[in-house]
Amino acid sequence: MSKQVAPRAWFQSIRDPQERYELDEIVYKAKDGALLEVVHDLGELRKKSADEWKALFKSRNHATEWPFGSGVWGKKEWVLPDIDDDNVVSMYEGNSNLFWAERYGKQELGLSELWIKQCGNTHTGSFKDLGMTVLVSMVKELLQRGKQIPAVACASTGDTSAALAAYSAAAGIPAIVFLPRGKVSIAQLIQPVANGAIVFALDTDFDGCMEIVKQVAENDGVYLANSMNSLRIEGQKTVGIEIVEQCDWKVPDWIVIPGGNLGNVSALAKGFDMMLDLGLIDRKPRIVCAQAEAANPLYLSYQRNFEVFEPIAARPTLASAIQIGNPVSIEKAIDALQRYDGIVEQASESEIADANARADRTGLFNCPHTGVALAALEKLVRGGVIDRDQRVVVVSTAHGLKFVDQKVKYHRMELEGIESMHANPPIELPARYETVRDEMLRQIERRGAP
Ligand SMILES: *Cc1c(COP(=O)(O)O)cnc(C)c1O
């Protein structure tokens, strides 16, 4: 690829706009340790009007022309403009369903308009695909430009590693993943195993894995694929753009999103920033970041008006992908929440399990992190913070099929300390017509619709 005269996007320190790096430099943090962000040349992007951007994005939805049919790459100019299309590693991520949760919203919460952005309906089953397609594509581009990268690596609570392994395998790039042993679901563990990554199960938690991966990135030249690497955020920010596009460019009143390492809530806000800057929308949603009570350092900071932040040791939670006590993107997340009139809410283990089970009974099949968001939403509606006639979108972060082990336990009433109020275990009977019929009629009579 020919060298650009002026780059259309670059890394920039979130604290010092003067500190910049080109996107093909291998750099994750600013000199003072601040995170970097990808900044786009808005002057360049303003050469198209808001209506032209909307029309372009629409024309590319599900297009066959490589790589624009992907929900991420359909917005390539806003994401990673200076990359050769041939180096894009895409699995047609994004463009996920915005589920009209009519029955759950109206019946369970009394909300007139609830939508659930099903980010788990994607190649590896979580929103991590949105960011990983960008990161792995950049690695492919870097390799082609002659950079020495022996492998890409991440610490993970399960979903980042699945995405990294899949995209790397598709691109033929070695991948290394560090998982906290025994703390990810079976489905999450088997994904990088099956995709041929080098899988380490370490006797620590996520934060401990993060320490290791930072060291191998620093000392051994392995490319860091965690969301500390701001390339990931560029892909993940498309979720907000998709949501608004799916609402015919009307901005919802509230967006509720679960948060752990806090890259995703930062990304959500970044997508809205660009839409506002480029005139595609003229108002902001309010953002709710939802945390598990067992892993709630952001919630604790919010309680003190974000004046202090203290990392904690996160305790085990059903929402295992957000069992994080020392979130990497804390600074970006607090900034995002302050700019989007944000709220942080938390949910206990039984609130998570029950919100999830009730949502499942209206046709959803949610991951526990979505359960955290739904439980937080319920509290805010009950407390009158969210009005019943406001439009709410919940970001569902992973597919429930990744978490069948805990759903099985819920319905068998085997989850410790949880009542399983909505357990629906299979009815075991001998295969005799009369017996089955009697029980069937009794069940229909007793229960009706789920
Ligand atoms: C990674 C992940 C989260 C949390 O996202 P952060 O960017 O770490 O806050 C939430 N839910 C699921 C399913 C995830 O995989």
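All residue numbers in this chain count up from 1 along the given sequence. Counting convention: from 1, in listed order, for ligands and their atoms alike. What you see below is based on every heavy atom in this structure, not just the backbone, and it leaves out hydrogens, waters and symmetry mates.
Heavy-atom proximity to atom 3 (C) of ligand 1, evaluated over Asp159, Ile322, Ile324, is greatest for Ile322. Around atom 7 (O) of ligand 1, the closest heavy atom drawn from Asn264, Ile233, Thr160 belongs to Asn264.
The protein heavy-atom contact nearest to atom 5 (O) of ligand 1 is Phe127 CZ, 3.5 Å.
Because its NZ or CZ atom is not both nearer than 6.0 Å to the ring centre of Phe272 and within 45° of the ring axis, Lys237 does not count as a cation-pi partner of that residue.
Note: no N/O pair closer than 3.5 Å links Gln236 and ligand 1 by distance alone. In terms of polar-atom proximity, defined here as any N/O pair under 3.5 Å, Ser126 makes no such contact with ligand 1. Taking distance alone, with nitrogen or oxygen atoms compared against 3.5 Å, Gly260 approaches ligand 1 more closely than that limit. Taking any N or O of Ala398, backbone or side chain, none lies under 3.5 Å from an N or O belonging to ligand 1.
Against a heavy-atom cut-off of under 4.0 Å, Ala321 is close to the following atoms of ligand 1: 12 (C), 14 (C), 15 (O). In the vicinity of Asn261, heavy-atom distances shorter than 4.0 Å reach the ligand 1 atoms 6 (P), 8 (O), 9 (O). Listed by atom number, the atoms of ligand 1 under 4.0 Å from Thr397 heavy atoms are 10 (C), 11 (N), 12 (C), 13 (C). Per-residue contacts place Lys128 under 4.0 angstrom from the following atoms of ligand 1 (heavy atoms of the residue considered): 1 (C), 2 (C), 3 (C), 14 (C), 15 (O). Here is the list of ligand 1 atoms found below 4.0 Å of a heavy atom in Gly259: 9 (O). Atoms of ligand 1 found under 4.0 Å from any heavy atom of Gly263 (numbered from 1 in listed order, with element): 6 (P), 7 (O), 9 (O).
At least one side-chain heavy atom of Leu300 sits less than 4.5 Å from a side-chain heavy atom of Ile312.
Ring orientation note: the planes of Trp100 and Trp115 are close to parallel, at an angle under 30° on the 30°/60° scale. The aromatic rings of Phe57 and Trp78 sit perpendicular, their planes meeting at an angle over 60°, well past the 30° parallel limit.
In the model, Gln236 has no side-chain atom that pairs as donor or acceptor with a side-chain atom of Lys128 under 3.5 Å.
When every heavy atom of Ser90 is checked against every heavy atom of Thr133, the shortest pair comes out as CA-OG1, 3.7 Å. Scanning both residues, Gln291 and Tyr299, for their nearest heavy atoms gives OE1-N, 3.1 Å.
No more than 12 heavy atoms of other residues, nucleotides or ligands shown are found within 6.0 angstrom of CD1 on Ile186. Heavy-atom neighbours of Glu419 CD from other residues, nucleotides or ligands within 6.0 Å: at or below the threshold of 12.
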